[in-house]
Enquirer: 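Pasting a structure below so you can have a look.
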There are 2 protein chains.
Amino acid sequence: MSDKPRERKLSRYRDIATRLQKEIRLGKYPVGDLLPTETELMAHYSTSRQTVREALRILMDQGLIVRRVGLGSVIIATEPPVLFTHSVKSLSEWLRYSNETYRDVVRSGEIVADRDLAALLKCEPGKQWFLIESIRRVDQFAAPLGWTEIYVLRKFAGVVKRSDHGRAPVHEQIAKMFGQTTEYAQMEIFVRKMPAAFAKALQVEAGSPALTVVRRYYGLKEELFEVTVTTHPEGRYTYSMDMQRSLRPRV
Amino acid sequence: MSDKPRERKLSRYRDIATRLQKEIRLGKYPVGDLLPTETELMAHYSTSRQTVREALRILMDQGLIVRRVGLGSVIIATEPPVLFTHSVKSLSEWLRYSNETYRDVVRSGEIVADRDLAALLKCEPGKQWFLIESIRRVDQFAAPLGWTEIYVLRKFAGVVKRSDHGRAPVHEQIAKMFGQTTEYAQMEIFVRKMPAAFAKALQVEAGSPALTVVRRYYGLKEELFEVTVTTHPEGRYTYSMDMQRSLRPRV
DNA sequence: CGTTCTTATTTGTCCGTATAAATGGATTAA
DNA sequence: TTAATCCATTTATACGGACAAATAAGAACG
């Protein structure tokens with residue numbers, strides 16, 4: 001019969017949430033103030049506590065209030081904060097290599113961080129690392145994409161023996177083998193002259209423009225457990241990132 | 001007296017949520033299957049529906065299930081999808097310049113995108129832009145940080161007349177003057193040889209390593225309305241970004 | 001004046017119940 | 001066979017009540 005006009009009848013708690021949002025936006029409750037208590041809202045809207053709490057949960061999800069036992073609902077913002085978010089499902093997505101690339105291990109072994117290396121890795125000098133050096137390629141004929149130095153804690157040196165070693169990101173391999181999870185990560189991108197040590201392998205001249213990307217992986221208790229340094233010749237790598245405007249980043 | 005041993009007694013619904021998470025992770029309920037109904041869980045855990053629903057809300061928030069009326073709780077993942085998020089409150093934070101820097105406008109005027117420029121900006125050739133060229137500095141004595149080309153739609157050319165022109169990001173000025181909001185943004189970073197056109201102004205040699213950052217700002221309907229291209233000599237700029245592991249991105 | 005204790009307030013957790021709305025499958029009708 | 005209808009199931013919404021835990025403010029104490 002009818003074309004389902006979508007009456008869009010709001011549920012009671014959504015309605016209350018909307019009204020409260022409006023009041024907050026219009027300044028009735030400034031930041032730092034308290035919203036009326038659940039009991040007061042129950043009386044004001046002639047509704048049950050359940051309904052009021054559902055409404056307040058919405059405001060909480062939007063980041064407008066925080067609720068604390070014994071205190072009340074504190075206004076922390078008058079507008080849902082607009083964020084630009086860049087989120088990835090894994091850090092390997094973050095590293096925008098396609099799955100077509102792989103690493104050819106050149107050599108590996110232990111190394112002690114001297115002054116310069118410590119500065120690059122942001123670790124204390126004298127720290128002992130296990131270093132894996134490899135060349136990142138699309139295929140064995142094309143010019144390599146870049147030179148990769150992977151520094152991992154010595155206790156994780158076993159990752160080089162994994163069958164998927166050259167394919168999967170090392171921090172994921174460490175997670176699988178040792179249960180070490182990445183809680184925090186940091187990236188730096190800068191330009192420098194191509195170091196002579198990599199120039200020949202990358203088929204460019206030493207001193208030519210090079211893009212260097214440093215990624216630091218931290219576990220629990222902010223323990224730095226892996227650092228990768230990749231160096232790309234001109235024209236072989238572009239870092240790109242998209243950001244979306246969003247009120248609430250979602251999975 | 002006691003050192004507050006933090007008994008950490010889990011609330012009933014959190015306990016149930018944890019148990020269900022474990023069962024899901026161990027494969028008792030594969031992706032696509034249904035979790036037991038609320039009624040079944042009430043019976044199984046000898047608890048109320050309220051408590052069961054609170055537990056299921058947690059799983060929902062973690063992205064493990066979706067719940068649908070008349071159907072049930074569908075498993076959509078066996079592990080909480082781990083996200084790494086990088087969120088900023090504004091795009092000017094994204095551009096990691098300190099507030100101490102400013103732009104010195106060198107010249108501005110209209111320009112039509114030729115083939116090369118269109119490729120760089122990712123717009124159609126022949127598109128008309130208003131170009132503002134400037135030098136980014138910390139102070140007038142130190143070597144400049146970089147060269148900035150700002151391409152805006154011709155209708156936004158008026159931004160150069162703003163009093164805060166050299167200080168605030170242009171896309172923010174456009175937002176204030178014209179109400180154009182940024183819904184989506186994109187960034188690319190690559191290395192190239194320093195173009196001769198900027199070399200002298202930046203006090204480096206043409207052909208020396210240069211870091212180029214292209215930022216594209218899109219409004220509603222995916223309309224590209226501003227592109228900035230900044231070119232930095234070696235050692236004067238490092239792009240850095242932090243990412244947090246988070247189940248649910250928060251403000 | 002400062003400290004400890006008490007108390008009222010407020011949200012967190014949990015229980016019971018009822019009705020509405022959406023879904024999928026079975027049933028019926030064309 | 002196909003389309004429409006009915007129905008049991010399931011979650012969404014909403015009501016009622018109770019006690020626990022955290023907080024702030026006042027009271028009592030030194």
Side-chain angles (χ1 to χ4, degrees), chain A residues 1-21 24 29 32-76, chain B residues 1-21 23-24 29 31-77 248:
Chain A
M1 307 311 140
S2 84
D3 250 338
K4 210 60 178 321
R6 275 281 168 210
E7 269 298 313
R8 221 61 201 92
K9 185 174 173 301
L10 225 49
S11 52
R12 193 84 182 90
Y13 71 92
R14 287 181 198 278
D15 175 52
I16 294 175
T18 306
R19 290 168 189 271
L20 290 175
Q21 282 168 35
I24 292 173
Y29 310 105
D33 273 28
L34 294 176
L35 223 52
T37 67
E38 295 181 353
T39 314
E40 288 167 346
L41 291 172
M42 283 165 66
H44 185 267
Y45 290 107
S46 308
T47 187
S48 71
R49 194 169 163 219
Q50 167 90 11
T51 304
V52 167
R53 284 178 62 79
E54 281 297 327
L56 292 176
R57 195 197 292 264
I58 291 179
L59 301 194
M60 206 168 45
D61 283 346
Q62 292 185 333
L64 294 178
I65 62 174
V66 289
R67 316 195 65 206
R68 283 169 62 199
V69 176
L71 179 57
S73 305
V74 188
I75 313 284
I76 57 174
Chain B
M1 311 305 147
S2 84
D3 252 335
K4 209 67 179 315
R6 278 279 166 211
E7 270 295 315
R8 222 62 202 89
K9 185 176 173 300
L10 225 50
S11 53
R12 194 81 182 93
Y13 70 92
R14 287 180 198 277
D15 174 53
I16 294 175
T18 306
R19 290 168 189 271
L20 290 175
Q21 282 167 36
E23 291 183 335
I24 291 174
Y29 310 105
V31 172
D33 273 29
L34 294 176
L35 223 52
T37 67
E38 294 180 354
T39 313
E40 287 167 347
L41 291 172
M42 284 165 65
H44 185 265
Y45 289 107
S46 310
T47 188
S48 72
R49 195 170 161 216
Q50 169 89 10
T51 304
V52 167
R53 285 179 60 79
E54 282 297 327
L56 292 175
R57 195 196 294 263
I58 292 179
L59 301 195
M60 204 168 46
D61 283 347
Q62 291 184 333
L64 294 178
I65 61 173
V66 289
R67 315 195 66 207
R68 282 169 63 201
V69 176
L71 178 57
S73 304
V74 187
I75 313 285
I76 57 174
R248 285 187 62 70

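None of these values were measured; they are calculated from a predicted model. Below, read A as the first sequence line, B as the second, and so on, with proteins coming before strands; counting in each chain starts at 1.
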Enquirer: Could you list the residues that satisfy salt bridge (Lys or Arg N to Asp or Glu O under 4.0 Å) with E40(A), not counting sequence neighbours?
Expert: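 Listed in chain order: nothing, the list is empty.
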Enquirer: Given atom CD of Q50(A) and atom P of dG16(C), what is their separation to the nearest angstrom?
Expert: 15 Å
Enquirer: Could you tell me how far apart L41(B) (CG) and dC14(C) (P) are, to the nearest whole angstrom?
Expert: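 About 15 Å, once rounded to whole Å.
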Enquirer: Would you say the side-chain atoms of S73(A) and R67(A) include a donor-acceptor pair closer than 3.5 Å?
Expert: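 There is such a pair (donor and acceptor under 3.5 Å, judged by atom type) between the side chains of S73(A) and R67(A).
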Enquirer: Between dT23(D) atom C1' and L34(A) atom CG, what is the distance in whole Å?
Expert: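 So the two atoms are 12 Å apart, to the nearest Å.
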Enquirer: So, using salt bridge (Lys or Arg N to Asp or Glu O under 4.0 Å) as the criterion, who are the partners of R19(A) when residues are at least two apart?
Expert: D15(A)
Enquirer: Using the salt bridge (Lys or Arg N to Asp or Glu O under 4.0 Å) criterion, which residues pair with R49(B)? Sequence neighbours excluded.
Expert: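 Salt bridge (Lys or Arg N to Asp or Glu O under 4.0 Å) list for R49(B), sorted by chain: E38(B).
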Enquirer: Ion pair present between R53(A) and E54(B), side-chain N to carboxylate O less than 4.0 angstrom?
Expert: no
Enquirer: Atom CZ of R12(B) and atom P of dG16(C): how far apart are they, to the nearest Å?
Expert: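 Interatomic distance, CZ of R12(B) to P of dG16(C): 12 Å.
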Enquirer: Within the 4.0 Å limit for protein heavy atoms, which parts of nucleotides 6-12 of chain C are touched? Write it as a string from 5' to 3', B for base, S for sugar-phosphate only, - for none.
Expert: ----BBB
Enquirer: Could you check whether T51(B) gets within reach of a base, just the sugar-phosphate, or nothing at all, counting any heavy atom under 4.0 Å?
Expert: sugar-phosphate
Enquirer: Atom CE of M42(A) to atom P of dA14(D): distance rounded to whole Å?
Expert: 14 Å
Enquirer: May I have the distance from E54(A) (atom CD) to dC15(D) (atom C1'), rounded to whole angstrom?
Expert: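 For the pair E54(A) CD and dC15(D) C1', the rounded distance is 13 Å.
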Enquirer: Ignoring hydrogens, what is the shortest heavy-atom contact between R14(A) and L10(A)? Give both atom names and the distance.
Expert: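 The pair with the smallest heavy-atom distance is CB-CG, 3.7 Å.
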Enquirer: Of all the choices, dC15(D), dC15(C), dT13(D), which nucleotide is nearest to the side chain of S11(A) once you look at every atom?
Expert: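 Nearest to the side-chain atoms of S11(A), counting from C-beta on, is dT13(D).
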Enquirer: Round to a whole Å and report the spacing from CZ of R57(A) to C1' of dA14(D).
Expert: 14 Å
Enquirer: When the C1' atoms of the five terminal pairs at each end define the local axes, what inter-axis angle does the helix from dC1(C)-dG30(D) to dA30(C)-dT1(D) show, to 10 degrees?
Expert: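 Taking the rotation axis at each end, their angle is 10°.
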Enquirer: If only atom types and distance count, is the side chain of T51(A) paired as donor or acceptor with the main-chain N or O of T47(A) below 3.5 Å?
Expert: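 Side chain of T51(A) to backbone of T47(A), a donor-acceptor pair under 3.5 Å: no, none is there.
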Enquirer: Report yes if the side chains of R12(A) and Y45(A) come closer than 4.5 Å at any heavy-atom pair, otherwise no.
Expert: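 SC-SC contact between R12(A) and Y45(A) confirmed.
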Enquirer: Using the test salt bridge (Lys or Arg N to Asp or Glu O under 4.0 Å), find all partners of D33(A) that sit at least two apart in sequence or belong to another chain.
Expert: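 Here no residue qualifies.
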